Amino acid sequence: MWIYIEKIADYVGQEITIKGWLYNIRSSGKLMFPTLRDGTGFIQGVVSKNDVSEKVWDDFNKLTQESSVIVKGIVSKHPKKVNVYELQINNLEIVSISEPYPISHKEHGVEFLMDRRHLWIRTPRQSAVLRVRNEIIQSIRDYMYSNGFILFDAPIFTPNACEGTSTLFSTDYFDLGKAYLSQSGQLYAEAGALALGKVYTLGPTFRAEYSMTRRHITEFWMMEPEMAYFDIFDNMDLIEDFLVYVVQRVIKNKKQELEILERNMDKLEKVRKPFPRITYTEAVEILNKKDIPLIKKTEDGEEFIRPFPWGEDFGAPHEEAVVEDFDKPVMIYNWPAKAKAFYMKRDPDNPDLVRGIDVLAPEGFGEIIGGSQREDDLNLLLERIKEHNLPEEEFQWYLDLRRYGSVPHSGFGLGIERMVSWICNLEHIRESIPFVRRPNRIRP
RNA sequence: UCGAAGAUAGCUCAAUGGUGGAGCAUUCGGCUGUUAACCGAAGGGUUGUGGGUUCGAGUCCCACUCUUCGAGCCA
């Protein structure tokens with residue numbers, strides 16, 4: 001009977017078959033301990049020379065790391081360890097003998113492993129990350145579906161920069177000139193929200209910035225909900241409820257993987273409602289209490305400006321200083337207009353502010369969500385488009401959303417890989433996606 | 001794009017300007033409870049590329065290439 005390793009605990013005492021690969025093998029004279037993997041888990045086998053045929057024994061001696069095998073044996077409990085099972089192997093069928101395997105069980109550099117990413121993902125740690133990623137995406141879809149959101153896929157080829165800020169990848173598009181790879185589906189999602197009420201997009205996005213940090217990749221997945229008749233506070237309520245659902249569900253369903261990743265569960269458990277909500281102005285006060293200056297680059301180096309001048313955008317040190325006092329995601333809202341994108345709604349009480357939200361993950365994982373209430377006033381939006389020197393013609397359809405039945409609406413964008421990095425406690429975002437794309441990497 | 005560090009065996013690293021080493025991996029041998037198993041033996045090198053200083057350069061100097069870390073941009 002063919003069994004997957006993840007179900008092995010149900011078959012103690014029974015003879016089963018595992019179809020998989022040899023992960024590692026240790027031998028001790030007339031005893032061998034092959035560790036097998038089958039994609040669902042890892043299990044140690046026991047082969048003793050006295051209990052198997054000569055052919056089986058000889059075949060085991062031929063096996064190399066990552067050879068594919070079908071083994072038969074009886075499931076037993078580990079003699080010393082609790083909740084660990086072994087397979088007392090009595091038969092072996094070799095499917096394929098592996099050539100000498102390039103990835104050993106000793107240390108390797110990241111670049112060496114990244115060049116062999118197609119093989120690296122076979123290891124317990126990497127496959128645990130990918131399983132958690134799957135659980136995160138599935139729980140996002142389940143949350144959205146059961147809360148009445150419609151999946152609304154946005155196009156990837158677009159004629160213009162959405163926010164007009166970051167650099168985009170471009171390609172020729174038949175007779176229509178240049179097309180750009182989408183950096184956000186938001187503008188399209190807004191159209192969706194005004195048609196369907198609550199929608200979300202989930203797809204790849206592209207940024208051509210030469211960013212070589214542990215938080216940036218050039219191709220990443222983003223989930224962007226957009227809701228009609230939601231103001232900024234409704235938006236924050238949703239963010240909170242949504243993040244708690246996803247985090248708690250991963251904790252519940254992916255305990256083993258988080259253990260492999262040595263994730264500190266106490267810190268994840270604390271992700272419960274309510275999250276701290278801090279205005280930009282309050283955040284600046286925190287910075288000044290901690291004496292964190294604005295760092296300005298000058299021709300001969302750096303200039304430190306204190307107190308932190310109101311109106312300037314935050315950099316990494318500022319985010320860190322604000323977040324370090326909290327053990328939950330922190331929502332910073334009501335930002336200075338000049339620091340944020342053109343589509344964010346002006347605060348009716350203060351024209352210098354826009355109703356934007358940044359959500360910063362705890363433990364120094366940085367911004368995982370950026371969102372806002374959108375500008376729904378046609379004339380104010382036109383003004384902002386001019387201020388930002390954006391091509392008005394390209395935004396006519398977007399402006400239509402304000403001409404025909406404009407309503408307050410809000411949304412946000414969640415970076416999937418940053419979410420995975422946070423939940424898995426990854427040092428670098430490049431391990432959060434099966435095949436990463438960075439400025440210096442397009443292979444494998 | 002800017003700043004810092006680095007590139008030596010298949011991998012991870014060591015080597016005061018004076019004969020380039022170790023662990024792992026590979027091959028062979030040993031071992032009945034191993035768990036990145038262990039023990040013994042063997043093979044394995046144009047020190048990133050190009051130039052310079054020197055009696056002598058992995059080591060010092062210059063240029064280039066690539067990588068890592070940080071900053072900016074953001075999710």
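Owing to the predicted nature of the structure, the values given are computational and were not obtained by experimental measurement. Side chains are part of it too, since the values below use all heavy atoms of this structure and drop only hydrogens, waters and symmetry mates.
- A:H428 comes within 4.0 angstrom of the backbone, heavy atoms only, and of no base.
- As judged by a 4.0 angstrom heavy-atom cut-off over every strand, A:S48 is placed among residues making no nucleic acid contact.
- Picking from B:rG33, B:rU34, B:rC31 the nucleotide with the shortest atom distance to the side chain of A:S27 gives B:rC31.
- With a 6.0 Å radius and a threshold of 12 heavy atoms from other residues, nucleotides or ligands, A:E324 has its CD atom above the threshold.
- Counted by atom type alone, A:D51 and A:S48 present one or more donor-acceptor pairs between their side chains at under 3.5 Å.
- Residue-level contact check: A:E111 touches the backbone only, with heavy atoms under 4.0 Å from sugar-phosphate atoms and none from bases.
- Contacts of A:F112 with the nucleic acid, taken as non-hydrogen atoms under 4.0 Å apart, involve only primed sugar atoms and P, OP1 or OP2.
- For A:W335 and A:F314, the ring centers are positioned less than 6.0 Å apart.
- Taking atom P in both B:rC2 and B:rG45, the straight-line distance is 39 Å, to the nearest Å.
- Among the atoms of the strands shown, base atoms are found under 4.0 Å from some heavy atom of A:T213.
- Here, B:rA5 and B:rC24 have their C1' atoms 26 Å apart, quoted to the whole Å.
- Salt bridge present: A:D358 and A:K340 bring a charged side-chain N and a carboxylate O closer than 4.0 Å.
- Figure legend: A:R116 and A:F112 shown as a cation-pi pair, the cationic atom lying under 6.0 angstrom from the six-membered ring centre and within 45 degrees of its axis.
- The base of B:rC73 has none of its N or O atoms less than 3.5 Å from a complementary donor or acceptor on the side chain of A:T167.
- Straight-line distance between the C1' atoms of B:rG17 and B:rC13: roughly 22 Å, to the nearest whole Å.
- You'll find the ring centres of A:F308 and A:H318 inside the 6.0 Å limit.
- Distance from the side chain of A:S211 is smallest to B:rG72 among B:rU34, B:rC11, B:rG72.
- In the region residues 31-41 of chain A, proximity to RNA chain B at under 4.0 angstrom, judged on heavy atoms, holds for A:L31, A:F33.
- Across all strands shown, A:Q44 has heavy atoms under 4.0 Å from base atoms, whether or not it also approaches the sugar-phosphate.
- Residue A:N440 has a polar side-chain atom (N or O) positioned under 4.0 Å from OP1 or OP2 of B:rU68.
- OP1 and OP2 of B:rG72 both lie 4.0 Å or more from every side-chain N or O belonging to A:K296.
- Residues A:M344 and A:Q373 have side chains not in contact (no heavy-atom distance under 4.5 Å, counting atoms from C-beta outward).
- Rounding to whole angstrom units, CZ of residue A:R441 and P of B:rC66 are separated by 14 Å.
- When each of A:G109 and A:I416 is assigned the nucleotide of RNA chain B with its nearest heavy atom, A:G109 is the one assigned upstream, toward the 5' end.
- Looking at A:H216 and A:R418, their side chains come closer than 4.5 Å, going by heavy atoms from C-beta outward.
- Using a 4.0 Å heavy-atom criterion, one finds that A:P102 contacts no nucleic acid atom at all.
- Rounded to whole Å, atom C1' of B:rA75 lies 14 Å from atom CD of A:E219.
- As rounded to whole Å, 17 Å separates atom C1' of B:rC73 from atom CZ of A:F314.
- Contact between the side-chain N/O atoms of A:R430 and the OP1/OP2 oxygens of B:rC69 is found at a separation under 4.0 Å.
- If you take atom P in B:rG51 and the same atom in B:rA71, they sit 39 Å apart, rounded to whole Å.
- With B:rC24, B:rC11, B:rG33 as the candidates, the nucleotide lying closest to the side chain of A:H108 is B:rC11.
- Per the geometry, CZ belonging to A:R214 stands 9 Å off C1' belonging to B:rG70, to the nearest Å.
- In this structure, A:R438 reaches the sugar-phosphate backbone alone: every heavy-atom distance under 4.0 Å involves primed, P, OP1 or OP2 atoms, never a base.
- The residue among A:S104 and A:G315 whose nearest nucleotide of RNA chain B lies closer to the 5′ end is A:S104.
- Of all nucleotides present, only B:rC69 satisfies the Watson-Crick or G-U wobble test against B:rG3, with each distance under 3.5 Å.
- Remark: aromatic rings of A:F152 and A:Y200 are distant, center separation not under 6.0 Å.
- Considering only heavy atoms from C-beta on, A:H428 stays 4.5 Å or farther from A:V110 through its side chain.
- Nucleotides B:rG50 and B:rA7 have their C1' atoms positioned 16 Å apart, rounded to a whole Å.
- Summarising the base pairing, B:rG17 is matched to no nucleotide, lacking a Watson-Crick or G-U wobble pair whose two defining distances lie under 3.5 Å.
- With hydrogens and angles ignored, a donor-acceptor pair under 3.5 angstrom links the side chain of A:R418 to the base of B:rC74.
- Classification of the A:F169-A:F206 ring pair by plane angle, with boundaries at 30° and 60°, yields perpendicular.
- Among B:rU67, B:rC69, B:rA75, the nucleotide with an atom closest to any side-chain atom of A:F220 is B:rA75.
- The base-pairing partner of B:rA9, taking Watson-Crick or G-U wobble contacts with both distances under 3.5 Å, does not exist among the strands shown.
- In the set B:rC31, B:rG72, B:rA75, B:rG72 carries the atom at the smallest distance from any side-chain atom of A:A316.
- Put simply, OH on A:Y85 is 19 Å from C1' on B:rG33, counting in whole angstrom units.
- B:rG58 and B:rG21 have their C1' atoms separated by 12 Å, given to the nearest Å.
- A:G366 comes within 4.0 angstrom of no nucleic acid atom, judged by non-hydrogen atoms across all strands.
- With both ends at atom C1', the span from B:rG10 to B:rU1 equals 36 Å, rounded to whole Å.
- Between the P atom of B:rC66 and the OH atom of A:Y210 lies a distance of 8 Å, rounded to the nearest Å.
- A distance of about 36 Å separates the P atoms of B:rU19 and B:rC28, rounded to the whole Å.
- Heavy atoms of A:I217 sit under 4.0 angstrom from at least one base atom.
- In this model, a side-chain donor or acceptor of A:H216 finds a partner on the base of B:rC74 within 3.5 Å.
- A:R215 has no side-chain polar atom (N or O) that falls below the 4.0 Å cut-off from OP1 or OP2 of B:rC74.
- Within the 4.0 angstrom heavy-atom criterion, no nucleotide atom of any strand lies near A:K340.
- A straight line from CD of A:E319 to C1' of B:rG72 spans 12 Å, rounded to a whole angstrom.
- Between the side chains of A:W310 and A:T281, at least one donor N or O sits under 3.5 Å from an acceptor N or O.
- For the pair A:E209 CD and B:rA71 C1', the computed distance is 14 Å after rounding to whole Å.
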